[in-house]
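Please read the structure below before turning to the comments.
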Amino acid sequence: MNYVGKWVFHSIGTMNDNDEFVYLNAEEYINSPMPYVDETDPEAIADEMKERKQMVGGQIKVCEDGKLYMLMPLPEGVSQAEVDAAVAAGVIKLCDGMITDEPKAWEERDGALWLEVGMGMSEDGWVKASDDEGFINFVTTRYKKVD
């Protein structure tokens, strides 16, 4: 498989009522219960919805040079001037118009995408990030390739 290109949110893993691990698509995730949020607090609910929308807007950019960028959309309501000021101050970095951190190294091993996560996370500091279904997995989030 050619991993180079853009990958978008596909689903997020969570435990269902039967304590089974299941994946929720974007709509299911956004509309799922919030047992860890005070549902009587409108601000807490709004903050959680904002976080969930950021999560489903996430992308991964896999580059030919061995770099992998985790991309998050800019927060709603932020002006271009504010974005430019944050970039100039070194508060955020942009890639393809989205917020990113330092890129991670990736490589292909036996047809699978491996991601460098650092020592202590695995024996050699690398983890297999692709699966047999063609997704990239990052923690509990799955991404699908779009180009």
Side-chain angles (χ1 to χ4, degrees), residues 1-64 66-80 82-83 86-87 91-147:
M1 171 174 214
N2 179 9
Y3 292 101
V4 173
K6 188 157 290 185
W7 296 70
V8 297
F9 177 92
H10 176 271
S11 53
I12 191 164
T14 188
M15 298 302 283
N16 68 12
D17 293 337
N18 298 323
D19 290 330
E20 300 166 322
F21 190 75
V22 296
Y23 283 98
L24 304 178
N25 66 32
E27 182 178 346
E28 291 168 332
Y29 174 58
I30 287 174
N31 295 316
S32 67
M34 302 177 198
Y36 45 86
V37 173
D38 179 357
E39 294 190 18
T40 64
D41 182 351
E43 188 174 317
I45 292 171
D47 287 346
E48 177 62 19
M49 290 306 290
K50 181 178 168 184
E51 289 293 321
R52 289 181 181 201
K53 288 178 181 176
Q54 284 285 105
M55 178 63 73
V56 301
Q59 299 179 7
I60 294 176
K61 181 178 180 180
V62 180
C63 302
E64 288 185 31
K67 303 277 192 243
L68 182 146
Y69 294 86
M70 300 298 298
L71 308 173
M72 294 301 287
L74 293 166
E76 292 179 16
V78 176
S79 71
Q80 188 61 49
E82 291 171 308
V83 170
V87 169
V91 175
I92 64 170
K93 294 178 183 182
L94 295 181
C95 177
D96 291 348
M98 299 179 79
I99 299 171
T100 191
D101 289 326
E102 290 297 320
K104 299 187 177 304
W106 76 276
E107 62 183 40
E108 190 171 339
R109 296 182 189 172
D110 297 323
L113 183 139
W114 285 74
L115 185 62
E116 186 176 33
V117 293
M119 295 308 292
M121 300 295 288
S122 71
E123 190 174 302
D124 68 352
W126 290 76
V127 295
K128 183 179 173 188
S130 62
D131 64 24
D132 294 337
E133 297 177 63
F135 296 109
I136 289 179
N137 298 288
F138 192 77
V139 189
T140 61
T141 306
R142 296 193 304 188
Y143 296 86
K144 66 179 179 180
K145 190 170 184 193
V146 292
D147 65 1

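Since this is a predicted model, take the numbers as computed values, not measurements. Values below: every heavy atom of this structure, side chains too, minus hydrogens, waters and symmetry copies.
Asp17 is linked by a side-chain contact (heavy atoms from CB on, under 4.5 Å) to nothing, counting only residues two or more places apart in sequence or in another chain. Checked against side-chain hydrogen bond (donor to acceptor under 3.5 Å, both in side chains), Glu108 has no partners two or more places apart in sequence or in another chain. In this structure, Tyr143 has no side-chain hydrogen bond (donor to acceptor under 3.5 Å, both in side chains) partners at least two apart in sequence or on a different chain. Applying the side-chain contact (heavy atoms from CB on, under 4.5 Å) test to Glu123 and every residue at least two apart in sequence or in another chain returns nothing. Checked against salt bridge (charged side-chain N to carboxylate O under 4.0 Å, His left out), Glu116 has no partners two or more places apart in sequence or in another chain. Asp38 pairs by the side-chain hydrogen bond (donor to acceptor under 3.5 Å, both in side chains) definition with Thr40, not counting sequence neighbours. Listed by chain and residue number, Glu27, Glu28 satisfy the side-chain contact (heavy atoms from CB on, under 4.5 Å) test with Asn25 (two or more places apart in sequence, or in another chain). Checked against side-chain hydrogen bond (donor to acceptor under 3.5 Å, both in side chains), Lys61 has the following partners two or more places apart in sequence or in another chain: Asp96. Take Glu51 and apply the side-chain contact (heavy atoms from CB on, under 4.5 Å) test, not counting sequence neighbours, and it matches no residue.
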From CA spacing to verdict: side chain to side chain contact (heavy atoms under 4.5 Å, CB included), Met1, Leu113: CA-CA 9 Å; Met1 171 174 214; Leu113 183 139; over 6 Å; no
Side chain to side chain contact (heavy atoms under 4.5 Å, CB included) between Val146 and Gln59, intermediate numbers included: CA-CA 10 Å; Val146 292; Gln59 299 179 7; over 6 Å; no
Leu24 vs Ser32, side chain to side chain contact (heavy atoms under 4.5 Å, CB included): CA-CA, chis, key distance, verdict: CA-CA 9 Å; Leu24 304 178; Ser32 67; 4.1 Å; yes
CA sep, side-chain torsions, deciding dist, call: Met34, Met49, side chain to side chain contact (heavy atoms under 4.5 Å, CB included): CA-CA 10 Å; Met34 302 177 198; Met49 290 306 290; 3.3 Å; yes
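If you take NZ on Lys6 and NZ on Lys145, they are separated by 12.5 Å, rounding to the nearest 0.5 Å. We find the CD-NZ distance between Glu133 and Lys144 to be 13.5 Å, quoted to the nearest 0.5 Å. Rounded to the nearest 0.5 Å, atoms CG (Asn137) and OG (Ser11) are 8.0 Å apart.
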Distance-only donor-acceptor hits, side chain of residues 68-80, under 3.5 Å, sequence neighbours excluded:
from, atom 1, to, atom 2, distance (Å)
Ser79, OG, Glu82, N, 3.1
Ser79, OG, Glu82, OE1, 3.2
Gln80, NE2, Asp84, OD1, 2.8

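Taking each heavy atom of Ser130 and Tyr3 in turn, the nearest pair found is OG-OH, 3.3 Å. Taking each heavy atom of Arg52 and Ile30 in turn, the nearest pair found is NH1-O, 3.6 Å. Minimum interatomic distance between Gly57 and Met98 (heavy atoms only, all atoms of both residues): O-CE, 3.4 Å. Closest approach of Ile136 and Ile60 over heavy atoms only: CG2-CD1, 3.8 Å. Ile92 and Ile99 make their closest contact through CD1-CG1, 4.3 Å (heavy atoms, listed as atom of the first residue, atom of the second, distance).
Between the side chain of Asp131 and the backbone N or O of Gly134 there is at least one donor-acceptor pair closer than 3.5 Å. Judged by distance alone, with hydrogens and angles left aside, the side-chain atoms of Trp126 form no donor-acceptor pair with the main-chain N or O of Ala105 at under 3.5 Å.
Side-chain contact between Trp106 and Val4 is present, with heavy atoms from C-beta onward closer than 4.5 Å. With contacts defined as side-chain heavy-atom distances shorter than 4.5 Å, the pair Ile45/Val37 qualifies.
Other residues, nucleotides and ligands place more than 12 heavy atoms under 6.0 Å from the CG atom of Asn18. With a 6.0 Å radius and a threshold of 12 heavy atoms from other residues, nucleotides or ligands, Lys104 has its NZ atom at or below the threshold.
Listed by first then second residue, pairs satisfying ring-ring contact (aromatic ring centres under 6.0 Å, His included) with a partner in residues 5-48 read His10-Phe135, Phe21-Tyr23, not counting sequence neighbours.
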